[in-house]
Amino acid sequence: MTEVSAVPLANENHRHEEFNQMDGDYSRDSANFESSMEINESSNVIKEEPNNGSFEENMKNGTGNGHGPEKEQLKSPKKEDGYESDDDIPWAQRLAKAKQNGSGSEKKAKDKDREKEKNGKLKKKKKEDSDEDEEYKPEPKKKEKRKHKEESENDYSEDDYKPAKKKQKKDKEKTKKTEVKKEKKTSSGGSQSQSQSQTQSPKKKKKQEDEEDVWEWWKEEKKPAGVKWNTLVHRGPLFAPLYEPLPSGIRMKYDGKSVDLSPATEEVATFYARMLDHEYTSKDIFNKNFFADWRKVMTSKEREMIADLKKCNFEKMAVYFKEQGEKRKEMTKEEKAKIKEQKDEEQKIYGMAIIDGHRQKIANFRIEPPGLFRGRGGHPKMGKLKKRIQPEDVIINCSKGGDVPQPPPGHKWKEVRHDNSVTWLCSWTESVLGSHKYIMLNPSSKIKGEKDYEKYETARRLKKRIGKIREAYQEDWKSKEMRVRQRSVALYFIDKLALRAGNEKDTDEAADTVGCCSLRVEHIKLHDEHDGKEYVVEFDFLGKDSIRYHNFVHVEKRVYKNLKIFMENKNGSDDLFDRLDTAMLNEHLRQLMDGLTAKVFRTYNASITLQEQLAKLTNPDENVHHKMLSYNRANRRVAELCNHQRAVPKTFEKTMENLQNKARHRELLDSKTIDNFQYKEKKKEVKEAKREKKDAKSGTAAHEKAKKKYQRLKEQLEKIETQMKDKDENKQIALGTSKLNYLDPRISIAWCKKFNVPVEKVFNRTQRDKFRWAIDMIMNDEDGDSYEF
DNA sequence: AAATCGACTTGTGCGAAAGTCC
DNA sequence: GGACTTTCGCACAAGTCGATTT
């Protein structure tokens, strides 16, 4: 199951065609070009929001933010759609550059830029670079000059989204807005959100739509770059419940004897006890890390006594927790309802923030409880103690004024700040890796939604330029400069295989995983010929979350030869791209297109693949059920491309086993079980055939026969395999991640619209909340019909 | 100019809730 | 109505990428 077959995207030409064909879909209207120098300069000036009534009520004390009602935005020349030539560096960006260079004219700035580019190239030009088979000495360390200074502003100049088309419908839409509720409201009577005319499945309980207000931010003007909010009010984090010491009968044993531990020591012991039947506790690093950290919280007496983890017996604790778990399950309805009510209450109080006058859900308002760090893969820090977070560790970020959240009694915050250039509400430093953790808003919020929208807009812009970009990097395969060649080959992988960028990482701090730029020689194998294709690169490495990426990919001859060169005179543990890192790559990409980075390719290729596959697989005459099958298959192609396959879930295997046993006993075979039997049977046959083939003397007729049989059976097996795969398509591969993070929701929704599939079939409640902007844009806009499927 | 930091997105796994089956 | 499955949401780890520090 680990092997990823080469995805259909390998066919470059085909893809090119598709892109052009579908220009109308993944395209945009001419930019609504709002940026101006003034605004860029004063990006942190706080601007008063156009207020809606409830705002004041929510913000009882006003917000002494010192914001003035200034709202002048300089009109700048509208940029035409296009983006074709080299001259299309966004206007505002050029200005910024010009300023940096101390030159007033954008023209000059550009020239200077070109000069720099040239200089950089000349400087690098060495004798080593002759031609394709040049000899090149790998650098022991990658050290490349960064030639250009970064842009100082994130300007949104060129391709800001347009506020959705101003249609007359808008007024009607307005009525959909649910009331913004006051914080105080306790009357949670459910019957007031009748105005919701949304496509709601009738059987779904009216899930009290009272929480979040519908903020149609995509119809509003955008804030100047860098300003994330004008007012932000929230209640701070909800801390983990305090530790409750175990009942006196429940004790750990050391060396066979029950021991009383101090509360702190006991607490940490319970973390371990809870994980006893997890694989983690069998790992040396885990135990070593745990024990070291545990000892740190022990009293000196305890430390003296407890010297060996192996002599610790947590069994009694573990059993106790299991019992508690059982008890929880067996609680009465009333008890359960009570707990739920409590949770809802917490959600109401802590789970909401008011941002620019709108109530928005918070994603993770509960502070992570203490526990043992569960790193993935071979993480060097696994088992370390994740300490309890106290108010004194927490930084609060919110509006100035009286609505600053109060710390729990007897405590104070680490800091309260009012930084509207960031989106987080609270932050703290986590104790294992020392990295930052944040409380942020839910994906349905404006702040997240807008960012998501921008992401897909960038991907759309890439669509228009991808042809040229591909031409350019293919040209670079022949470059005299090794650094350029490496860059172009890496980019090719990122584009073709949707690899991640691959930042360097510290192996003392994290598991040894790689992405494109950090690939090492040992991660690829070159096959002059494989499976009937020539120039095949075999990738085999651990990527994010230590998920294996294993793929055989046919590549162009030039790429193949380049790889050979890159690998010359290197050890397996040497970097494949020794003259490249993500910073350089992204800097190059930024020069090709505003906002372009490595990850945009993943978004773009995922989205275009979905659209392409939907076009190919959808049959308008089929029923909704079949159409959904097609949709899921298209989605699955994307998941394959992104390598979002999860190991066959344990539950799935178990299910199969159970089914089989049942079936045997009751002779009641359902189709799933039959498939599974067939499959296993066939597999056995194949194995046998293989052995027969092996046993038969080569050259003899028997051998030939066995070989044929083997081939035939193998094919049959493959057929069954794919059939099963189809049936269980949604279980073998995790579609969720690509659906949530890579697929432009507008494609899915436009597809629904065109083929009369209810959106609810494709997106569940949460997803619809997250993608409300897209649903609105497509469903209420004739643009929605311009997608070609 | 590299190393580190900070903020944010992407990813998996797990537990609870919801659904299904007998 | 209880046992088992499947789905969903959340927790939180692990990436990306630009900014800041050294």
Side-chain angles (χ1 to χ4, degrees), chain A residues 141-147 149-154 204-205 228 240 278 325 328-330 336 339-340 343 347 351 363-369 371 373-377 379 381-382 386 395 397 419 421-424 427 429-430 432-438 440-443 447-448 451-452 455 500-506 509-511 513-518 543-547 581-587 589-590 595 597-600 602-603 642-647 649-652 654-655 658-659 662 666 668 670 730-731 734 736-738 740-742 764-767 769:
Chain A
K141 273 230 159 167
K142 47 180 77 173
K143 242 125 233 196
E144 267 299 325
K145 319 270 167 214
R146 290 224 229 159
K147 288 181 312 184
K149 212 178 171 264
E150 265 101 331
E151 289 336 322
S152 54
E153 297 288 339
N154 295 342
K204 269 267 147 59
K205 286 268 180 170
K228 305 295 175 61
H278 200 290
R328 268 176 66 92
K329 267 187 204 156
E330 278 144 30
K336 280 183 179 167
I339 290 174
K340 187 164 191 301
K343 267 197 142 180
Q347 158 76 31
N364 55 326
F365 56 90
R366 285 168 217 279
I367 283 211
E368 298 173 13
F373 179 75
R374 305 157 84 108
R376 300 179 190 151
H379 197 117
K381 298 280 172 99
M382 63 170 73
K386 226 172 65 168
I395 304 174
N397 191 33
D419 181 356
S421 72
V422 295
T423 65
W424 53 265
S427 77
T429 303
E430 157 261 351
V432 175
L433 303 159
S435 64
H436 294 277
K437 295 276 193 168
Y438 303 94
M440 288 184 183
L441 293 177
N442 186 277
I447 258 179
K448 293 291 184 187
K451 205 71 195 302
D452 211 33
K455 175 178 78 185
R500 295 185 190 80
N503 285 307
E504 262 122 290
K505 43 193 260 184
D506 186 348
E509 297 287 316
T513 63
V514 297
C516 186
C517 293
S518 49
K544 181 175 177 178
D545 289 325
S546 295
I547 302 288
D581 64 32
T582 53
M584 290 162 55
L585 178 65
N586 280 335
E587 192 173 325
L589 292 175
R590 216 174 308 128
T597 62
K599 80 190 187 88
V600 178
R602 231 165 121 84
T603 311
C642 295
N643 200 33
H644 287 149
Q645 40 166 205
R646 55 180 165 201
K650 280 173 217 148
T651 55
F652 181 71
K654 247 190 219 160
T655 304
N658 288 342
L659 273 173
K662 261 191 209 168
R666 297 194 211 132
L668 217 171
D670 69 355
N730 296 334
K731 289 159 202 148
T737 302
S738 51
L740 227 51
N741 296 308
Y742 289 108
N764 69 24
R765 177 82 239 172
T766 330
Q767 292 163 167
D769 284 345

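Chain letters run A, B, ... following the sequence lines, proteins first, then strands; residues in each count from 1. Worth knowing before you read on, the calculation uses all heavy atoms, side chains too, and leaves out hydrogens, waters and symmetry mates.
Between Thr766(A) and dG9(C) there is a side-chain polar atom (N or O) within less than 4.0 angstrom of OP1 or OP2. Listed pair Lys437(A) / dC8(B) fails the phosphate criterion, with no side-chain N or O lying under 4.0 Å from OP1 or OP2. A close approach under 4.0 Å does not occur between any side-chain nitrogen or oxygen of His436(A) and OP1 or OP2 of dC5(B). Of the side-chain N and O atoms in Thr737(A), one or more sit less than 4.0 angstrom from OP1 or OP2 of dT12(B). Phosphate proximity of dG15(C) to Thr513(A): present, with a side-chain N or O under 4.0 Å from OP1 or OP2. The side chain of Asn586(A) contributes an N or O atom lying less than 4.0 Å from OP1 or OP2 of dC17(C). For the pair Asn503(A) and dG18(C), the criterion of a side-chain N or O lying under 4.0 Å from OP1 or OP2 is not met. For the OP1/OP2 pair of dG13(B) and a distance below 4.0 Å, the side-chain nitrogens and oxygens of His278(A) include no atom meeting the criterion. When the side-chain nitrogen and oxygen atoms of Lys228(A) are compared with OP1 and OP2 of dC8(B), one or more of them lie within a distance under 4.0 Å. Distances shown here put every side-chain N or O of Arg376(A) at or beyond 4.0 Å from the OP1 or OP2 atom of dT10(B). Remark: Arg366(A) is in phosphate contact with dA11(C), judged by side-chain N or O atoms under 4.0 Å from OP1 or OP2. Contact annotation: Lys544(A) side-chain N/O to dT16(C) OP1/OP2 distance is not under 4.0 Å. At least one side-chain nitrogen or oxygen of His644(A) sits closer than 4.0 Å to the OP1 or OP2 atom of dG11(B). Considering only side-chain N and O atoms, Lys599(A) lies under 4.0 angstrom from the phosphate OP1 or OP2 of dT10(B).
The separation between Asn442(A) atom CG and dC8(B) atom P is 16 Å, rounded to whole Å.
Partners of Glu509(A) according to the side chain to side chain donor-acceptor pair (under 3.5 Å) rule, which considers only residues two or more places apart in sequence or in another chain, are Lys381(A). For Ser427(A), the side chain to side chain donor-acceptor pair (under 3.5 Å) criterion is met by no residue, not counting sequence neighbours.
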Could you walk me through whether Lys505(A) and Ser518(A) satisfy the side-chain hydrogen bond (donor to acceptor under 3.5 Å, both in side chains) test, starting with their C-alpha distance in whole Å, then the side-chain angles of each, then the deciding distance to 0.1 Å, before giving a yes or no? CA-CA 9 Å; Lys505(A) 43 193 260 184; Ser518(A) 49; over 6 Å; no
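Looking at Ile367(A) and Lys437(A), their side chains never come closer than 4.5 Å, going by heavy atoms from C-beta outward.
Heavy-atom distances to DNA chain B give each of Val422(A) and Arg374(A) a nearest nucleotide, and the one nearer the 5′ end belongs to Val422(A). DNA chain B is contacted by both Ser427(A) and Arg602(A); Ser427(A) maps to the nucleotide lying nearer its 5′ end (nearest heavy atom per residue).
The shortest non-hydrogen separation linking Lys228(A) to Ile447(A) is O-CD1, 3.5 Å.
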